[in-house]
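The figures here come from the full heavy-atom set of this structure, side chains too, leaving out hydrogens, waters and symmetry mates. Labels below follow one simple rule: chain letters A, B, ... track the order of the sequence lines, proteins then strands, and each chain is numbered from 1.
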Amino acid sequence: MLDRTYLRENPDEVGDALENRGADVDLDEILEIDERWRELKARGDDLRHDRNEITQQIGKLVAEGKDDEREEAIERSRELKDEIEAVEAEADELHDELQERLLEVPNVPHESVPLGLEERHNVEDRRWGFDDLRELPDDVVPHYELGEDLDVIDEERAAKTTGSGFYFLKGDGARLEHALVQFMMDVHREQGYVDLFPPIPVKSASMRGTGQLPKFADDAYRLGASNDDSYEEEDLWLCPTAEVPVTNMYANEILLKDDLPLKHQAYTPNFRREAGEHGTETRGIVRVHQFNKVELVNFVEPEESYDRLEGLLDEAEAVLRRLGLPYRILELCTGDLTFASAKTYDIEVWAPGDDFEDGPEEGGRWLEVSSASNFEDYQARRSGLRYRPERHESAEYLHTLNASGLALPRVMVAILEYYQNEDGTVTIPEALRPYMGGKEVIEGHEKVGEAALGAGERE
RNA sequence: GCCAGGAUGGCCGAACGGUAAGGCGCACGCCUGGAAAGCGUGUUCCCUUUGGGAUUCUGGGUUCAAAUCCCAGUCCUGGCGCCA
């Protein structure tokens, strides 16, 4: 949420910034509501002042036994009560509306963010790992086929138990998932992160704090009610990203200066409805309704947040470097920023299995595995995250940042495709072998059931 | 799930219908050769800031007046029940 005072004092600047994002927000209307609210608030304050004085008099008159004067004062107080009620009811209504509107205003992009409304305006900063690529098979088999061949990914049966967009990992596939989680968390622990294992359902209030609500209710799984139903503060949603429980863990608290920078990492499953995404990337595990992710969340002092963003990006990248997976870094343009972000870098890993038009010259495609974002005080204001710069000073909003460190399925896609061998096996990246009992190659499993017989995969 | 008790500033804690004591911490000032002690001021939010308003977990209600009485909720503690 933007600071009301800032908005009031810099309407043009904010207006331009929102236009750069392609945001559809009527700022003038918001400012007008604010103006009207302040008028009513002032009037209400005056009326209350009058009433407070009279009430105090009544106390005295009661003590002094001046019955006539007391009755008169009580009568006047009653009148004031009605007036106050009327004025404040209107003021409250305006305030609620103001709040509601402000919750739908996205963050203002940082001045260093590239201008542009479309994906193609994103700026590629650099690439890593393309200078000495592994020797790949002539035809890299896409992960969804290879996963089925090796019987380590089973989408069909997950559709049976749960629905499309879910998948089973089996045998070495499941083992690889566990290994990746443990490996990533070890890497980040070395970087100074403290582990959290958060609750998976989260309240509406938490979802609002990080910016998922109110605008993006359709993306999340609602518990115990339809997404179209109106929701209360206490209603629960399935965690769409660990950013939500972890950032809101300290909601409405005042942290000490010494607590910062606060670095937490959390491994959780993430649930996303991906409404309206059918037909795009439906094959495989690139876009699914449930996936695991290790999330990095930072709380820092405002002056340090942009330095920390660079550090955070590097901390997330470290995972790919240690796995030896080639990737690139994108600086997102104003129009491609997520709702709450002031600046975002994307990390895209190289998956050579499917040739996409916008992939690199080497073929294959880019897969986003992390977004490192600085939210400045936007989430902090919504969630009530403050710290006290000096002991005697009043509390200030801190800055929040986060990045995936990293999203598991897409890393697995990259491993299955980039570490693929000519014979259809997959070499396990060296960094992961200690987490898989020293195993070096994924050779696959014998399939189960009569369908395997019919396909000639078992005798 | 049931019963009982509880929630007051950064922290502790009083007031139990008449408009939030006191202490601790922290900051600044006075005092001091310097420090401690002592004294003073400050230490939540909002507004049109020499001023005013709001704020005793949240939301309602009673009253001229609510931290205080009533109702509902959230969370905490204890007991009982249930339970991987």
Could you measure between the two [atom1] atoms, the one in [N] and the one in [M], and give it in whole Å?
| N | M | atom1 | answer |
| --- | --- | --- | --- |
| B/A20 | B/A54 | P | 11 Å |
| B/U50 | B/G59 | C1' | 38 Å |
| B/C11 | B/G25 | P | 16 Å |
| B/C45 | B/G60 | P | 23 Å |
| B/A84 | B/G6 | C1' | 30 Å |
| B/G22 | B/G9 | C1' | 13 Å |
| B/C12 | B/U77 | P | 15 Å |
| B/G10 | B/G5 | P | 29 Å |

Nearest whole angstrom, please: distance from the [atom2] of [N] to the [atom1] of [X].
| X | N | atom1 | atom2 | result |
| --- | --- | --- | --- | --- |
| A/E253 | B/U44 | CD | C1' | 16 Å |
| A/E72 | B/C64 | CD | C1' | 14 Å |
| A/R388 | B/G42 | CZ | P | 17 Å |
| A/K203 | B/U74 | NZ | C1' | 7 Å |
| A/I54 | B/A65 | CD1 | C1' | 12 Å |
| A/D82 | B/C64 | CG | C1' | 12 Å |
| A/N252 | B/G9 | CG | P | 14 Å |
| A/L80 | B/U63 | CG | P | 17 Å |

To the closest 0.5 Å, what do you measure between CE (A/M184) and CG (A/L432)? 8.0 Å
Answer with yes or no whether the side chains of [Y] and [X] bring together a donor and an acceptor at under 3.5 Å.
| X | Y | answer |
| --- | --- | --- |
| A/Y144 | A/D149 | no |
| A/E177 | A/N292 | yes |
| A/Y306 | A/E376 | yes |
| A/Y435 | A/D186 | yes |
| A/Q265 | A/Q191 | no |
| A/N298 | A/R308 | yes |

Dot-bracket for RNA chain B, please. Rules: Watson-Crick or G-U, both distances under 3.5 Å, ( ) within the strand, [ ] when a pair crosses earlier ones, | for another strand, . otherwise. (((((((..(((.....[...)))((((((.......))))))((((...))))..(((((..]....))))))))))))....
Protein within reach of the bases, or only the backbone? For nucleotides 46-61 of chain B, mark each nucleotide 5' to 3' as B, S or -, using heavy atoms under 4.0 Å. BSB---BSS-------
Let me spell it out: for each of A/K81 and A/I254, pick the nucleotide of RNA chain B with the closest heavy atom. Which residue's pick is nearer the 5' end? A/I254
Is there a donor-acceptor pair under 3.5 Å between the side chain of A/T425 and the backbone N or O of A/V441?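 Checking the backbone N and O of A/V441 against the side chain of A/T425, no donor-acceptor pair under 3.5 Å is found.
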With ring centroids as reference points, do A/F271 and A/W237 lie under 6.0 angstrom apart? no
Would you call the rings of A/H95 and A/W37 parallel, tilted or perpendicular, taking 30° and 60° as the class edges? tilted
